[in-house]
Every structure is written in C-alpha cells, then in structure tokens.
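Input: a single structure, listed below in structure tokens.
Any value given below was found using the heavy atoms of this structure, including those in side chains, with hydrogens, waters and symmetry copies removed.
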Amino acid sequence: MSVLIITKSDDNESVSMVADAIRERGGRAYRFDTDRFPTELKLIHVHEKGSERVTVSGPEGDLDLNEVTALWHRRLNVAGRLPASMDKQLRAASVGEARASLYGLLASLKTFRMDRTPYLRHAENKQLQLRVADDIGLETPRTLITNDPDSVRGFMEACGGRIITKMLSSFAIYEDGMEKVVFTNPVTPSDLENLEDLRFCPMTFQEMVPKALELRVTIVGDQVFSASIDSQSSDRATHDWRRDGLAMLDDWKEYELPEEVKARLLRLMDYFGLNYGAVDIIVTPEGRHVFLEINPAGEFFWLERVPGLPISKAIADVLLGRSMRRARALWE
C-alpha cells in the first residue's frame with residue numbers, strides 16, 4: 001500500500017513519525033514537498049479516453065499515483081522554491097499554474113484522503129464549530145464577533161468585566177524575520193477606550209472561562225487521545241498556554257476524558273466528515289469541560305514525546321485502512 005504525504009520541506013517531525021509508522025506496517029510513504037514543485041519534483045499527468053497515467057518523480061524515486069491507496073493532506077507551500085529573481089508577473093503565473101496542476105491532480109485521485117480539502121475548509125469556520133458543538137451538547141463560551149465598539153462594551157458588562165480577545169484566523173506579525181504570533185489576550189477597561197480601529201478589522205471576544213486545566217484532544221478516526229496542561233502554573237501561559245509552550249513541553253499529562261464528552265466530540269467529527277482533528281478544551285475548577293475550537297489540521301508531535309500518546313501510529317492505521325474511516329461528511 002502506498003500513502004502520498006502532501007507537505008512542505010520545512011514541516012515538523014510529525015511527517016517522519018507517521019511515515020515511519022506506515023513503513024513499520026509494511027506500507028510505502030512517499031513525501032511530496034510542495035515547495036519543491038515544480039523546481040525539483042516532476043509531475044506527468046496524461047489523460048486519454050478511458051485511462052489516465054499519473055507519475056511523480058523526485059528525491060524519493062518514482063511513484064505511480066494510480067497505485068496510491070491513501071493521501072495525507074498536511075501542509076502546502078506550492079512553488080515555494082521558485083527563484084525570487086524571476087520577473088514578478090512570470091513568477092505569479094508560474095505559481096498559479098503549479099497550484100492549478102497540483103490541486104487538479106489531487107482532486108482527481110481515486111483514493112482515500114485524510115482529509116478532503118472541502119471538508120477541511122468547511123470545518124475551519126469557527127462560528128459554525130460553536131453552533132454545531134452547542135447543538136450536540138458540548139458547553140461553549142459566550143462569544144461576540146463584531147466591528148461595533150458599543151457591542152464590545154455591552155458584552156464586557158454582561159460578562160462581569162472578564163472577557164478575552166482572540167483571532168478567528170491564523171495571524172502573525174513578522175519583525176526582523178521573526179514570527180510573532182498573536183495570542184489570546186484579556187481585555188482591560190482601558191482597551192474599551194481604544195476601539196475605534198475595529199472599523200478596520202472585526203475581532204472576536206469571549207467570556208473569560210476560569211481554568212483548572214487546558215486540554216488538547218486529538219481525534220484520529222474513532223480514537224480519542226487527551227492530554228492536559230496546567231497553564232495556570234505559569235504567569236505567561238495564564239490566558240494562552242502557547243505563550244509559554246516551549247517551557248511547558250514536558251508538563252503535559254495524559255487525561256481521562258469523560259465518556260459523554262468523548263462521544264459528543266466524535267459526533268462533531270461525524271458532522272464535519274473529518275478523520276483527524278485537534279480540539280482545545282478548558283476544564284473549569286468545578287470540572288466542567290468547555291469546548292473552544294477544533295483545528296482540522298492541528299499539530300500533535302509534542303504529545304508523542306510527553307506524555308507519549310501514539311497518535312502517529314493511529315494516523316498510519318487510518319491511512320492504511322486498518323482503523324475506522326469517515327469516508328464522507330454527513331452535511332452533504
């Protein structure tokens with residue numbers, strides 16, 4: 001069995017973890033670094049009446065894509081190695097054609113994939129996530145998304161003066177080549193006096209949910225892996241564990257998720273038709289489990305180190321057809 005891994009050359013160690021697990025099970029893992037296409041990887045796609053011949057050639061040898069039994073959609077950076085010195089218009093055209101060639105190829109493959117691009121894009125909508133989570137019985141925080149300053153002031157009053165702000169999309173600022181991620185932050189009374197810039201960009205606000213623990217719940221097929229971190233043990237991580245994430249890498253612990261929460265999360269996966277998802281949850285001091293969001297392509301590699309969750313093996317089993325698969329979304 002051959003698994004095609006769509007990624008990029010600077011992706012993290014999760015790719016090699018899953019590739020090794022596939023090989024341990026007797027399968028072939030072929031890594032397609034999208035930034036190396038078209039400069040280093042060759043794609044040949046011949047369509048004739050009643051047949052198609054599709055091959056890829058690169059550092060890992062040749063692969064007949066008609067023999068691929070599964071596809072793992074990881075990360076994209078198509079044409080990332082095109083020379084920066086190219087004419088801007090020609091470079092833009094090359095990037096556009098490379099993307100169209102690759103996306104068209106991936107769409108045409110008759111194989112299982114984890115997960116289909118339309119499903120990933122659909123599941124990324126945070127407002128939809130909250131509505132579906134609420135519908136299936138998961139507790140969710142009160143949330144406001146707005147570009148209206150008065151609505152923010154009213155929301156903060158309704159939440160007892162305790163709210164946070166966060167981004168709906170992945171967002172970072174680059175200074176001197178350094179990536180500075182925008183984390184979740186508390187809203188202060190002084191912030192309410194400087195909301196005029198909301199007219200340029202709507203923002204997301206949520207009630208501040210008290211934390212005993214923060215959970216990362218990784219779901220692969222019908223397997224649920226849960227880990228917890230005591231983010232309140234670090235002043236920097238109080239509102240967002242990622243702010244002190246590197247220092248706390250060894251502090252993650254395996255967590256026993258209540259069966260009713262686990263069952264509802266699996267229903268969430270069924271709704272979106274996802275075979276993989278990384279869920280963020282807050283456990284309150286009273287023991288309530290509050291759903292924040294699901295990332296349909298979230299990271300997991302650090303949880304393989306501590307507390308040692310076998311997530312890459314579970315992914316390999318789904319890709320090789322050894323575990324349960326969600327073949328289609330229920331919303332279609």
Side-chain angles (χ1 to χ4, degrees), residues 3-25 27-37 40-41 58-60 70-81 102 106 113-115 117 120 123-124 167 169-174 177-183 214-221 223 225-229 231 237 240-254 274-280 293-320:
V3 177
L4 179 63
I5 302 175
I6 303 299
T7 184
K8 56 181 183 174
S9 57
D10 61 350
D11 202 347
N12 60 50
E13 61 200 87
S14 62
V15 174
S16 58
M17 289 175 174
V18 173
D20 289 345
I22 290 169
R23 296 185 188 106
E24 289 171 3
R25 287 155 173 73
R28 180 187 182 186
Y30 191 98
R31 178 172 180 150
F32 190 107
D33 288 322
T34 53
D35 55 312
R36 299 180 187 272
F37 176 72
E40 300 164 57
L41 290 169
E60 297 197 15
L71 184 153
W72 185 30
H73 188 117
R74 265 288 302 175
R75 298 286 182 261
L76 293 172
N77 183 21
V78 180
R81 297 199 176 193
L102 180 60
L106 298 179
R113 59 203 70 207
M114 193 171 75
D115 281 303
T117 303
L120 294 171
E124 287 173 348
M167 305 300 296
S169 57
S170 298
F171 182 72
I173 295 173
Y174 293 85
M178 295 291 292
E179 181 185 34
K180 297 185 177 181
V181 177
V182 177
F183 295 109
E214 291 192 63
L215 306 184
R216 183 71 159 199
V217 181
T218 308
I219 305 172
V220 186
Q223 299 185 68
F225 303 94
S226 302
S228 66
I229 189 77
S231 58
D240 193 326
W241 66 262
R242 297 173 302 169
R243 194 184 294 275
D244 205 19
L246 288 176
M248 304 180 76
L249 279 178
D250 294 335
D251 297 335
W252 287 85
K253 299 179 180 179
E254 192 166 359
L274 295 175
N275 292 281
Y276 177 89
V279 177
D280 292 325
E293 64 180 13
I294 179 171
N295 188 331
E299 297 295 355
F300 66 88
F301 64 94
W302 77 92
L303 298 173
E304 294 252 349
R305 302 174 188 163
V306 178
L309 303 179
I311 298 171
S312 59
K313 293 179 173 58
I315 292 174
D317 284 337
V318 171
L319 289 169
L320 294 173

Distance (rounded to the nearest 0.5 Å) between L274 CG and D115 CG: 5.0 Å

Nearest-0.5 Å distance that lies between atom OG in S312 and atom CG in L303: 11.5 Å

Interatomic spacing from CZ in R28 to CG in L4 - rounded to 0.5 Å: 10.0 Å

Contact check, side chains of L120 and P296, non-hydrogen atoms, under 4.5 Å: yes

Pairwise distance CG(L249) to CG(D244) - rounded to 0.5 angstrom: 9.5 Å

Non-hydrogen side-chain atoms of F225 and F300 separated by less than 4.5 Å: no

Whether W241 and W252 hold their rings parallel, tilted or perpendicular, with breakpoints at 30° and 60°: perpendicular

Contact check, side chains of K313 and R25, non-hydrogen atoms, under 4.5 Å: yes

Option from D33, N12, V18 for which side-chain contact (heavy atoms from CB on, under 4.5 Å) with T7 holds: D33

Main-chain N/O of Y30 paired to E60 side chain as donor or acceptor, under 3.5 Å: no

Residue pair P59 / L41, side-chain heavy-atom distance below 4.5 Å: yes

Main-chain N/O of G298 paired to Y276 side chain as donor or acceptor, under 3.5 Å: yes

R81 side-chain N/O to E40 backbone N/O, donor-acceptor pair under 3.5 Å: no

Close side-chain approach of D280 and R216, heavy atoms under 4.5 Å: yes

